[in-house]
Structures are given as structure tokens and as C-alpha cells.
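What's counted below: heavy atoms across the whole structure, side chains too, no hydrogens, waters or symmetry copies.
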Amino acid sequence: LGFIEHMVNNLANEEMATMVSETFNALQDAVDESKSAPVGSGGVLATIKLLGKPETLQTLRFMLSVSEKIKNQFQK
């Protein structure tokens with residue numbers, strides 16, 4: 001949250017503030033959804049089954065891209 005607070009406190013325009021707010025809301029929704037989701041049986045087979053779903057791979061690619069961009073920003 002420190003990163004988000006820093007961004008909100010230093011934003012120069014309303015468009016960026018809206019983007020940060022919507023991103024924060026999406027993260028909070030994901031946290032709430034994860035808390036209420038039933039716990040699966042787990043294991044290697046369950047993981048392989050999840051990796052077979054196109055939306056899982058799309059989400060993983062997106063998260064990897066986001067983490068790479070954040071890392072690059074902090075390495076400058």
C-alpha cells in the first residue's frame with residue numbers, strides 16, 4: 001500500500017488518480033474474492049488442470065508483465 005499511497009500523493013492529473021483508484025479497488029476485490037473462495041484439493045494434478053485454462057495462462061502472463069514493469073521502474 002505504500003507504493004499506491006506514494007503514487008496518489010504525487011499524481012499530477014485526475015486521469016492518473018482515477019487509474020490508481022480503480023487499480024486499488026480491483027486489488028481489494030481480488031483479495032475479498034480470494035478470502036471467500038473455497039479451498040481446493042490442491043496438488044500437482046489440480047495445478048496442471050488450472051494451467052490448462054487459457055484464462056489462467058493469460059492472467060499469469062499479465063502478472064509477470066506487471067511485475068517486470070514495476071521491477072524495472074524501481075531499478076532506474
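Placement of Leu57 and Phe62 in two distinct hydrophobic clusters is found when ILVMFWY residues are connected by side-chain heavy-atom separations under 4.5 Å, directly or transitively.
The CG atom of Leu60 lies 12.5 Å from the OG atom of Ser65; values are rounded to the nearest 0.5 Å. Interatomic distance, Thr56 OG1 to Lys49 NZ, rounded to the nearest 0.5 Å: 11.0 Å.
Environment of CG in Leu64: crowded, with over 12 heavy atoms of neighbouring residues, nucleotides or ligands closer than 6.0 Å. No more than 12 heavy atoms of other residues, nucleotides or ligands lie within 6.0 Å of CD in Gln58, so this atom counts as exposed by the packing criterion.
Gln28 is linked by a side chain to side chain donor-acceptor pair (under 3.5 Å) to Asp32, counting only residues two or more places apart in sequence or in another chain.
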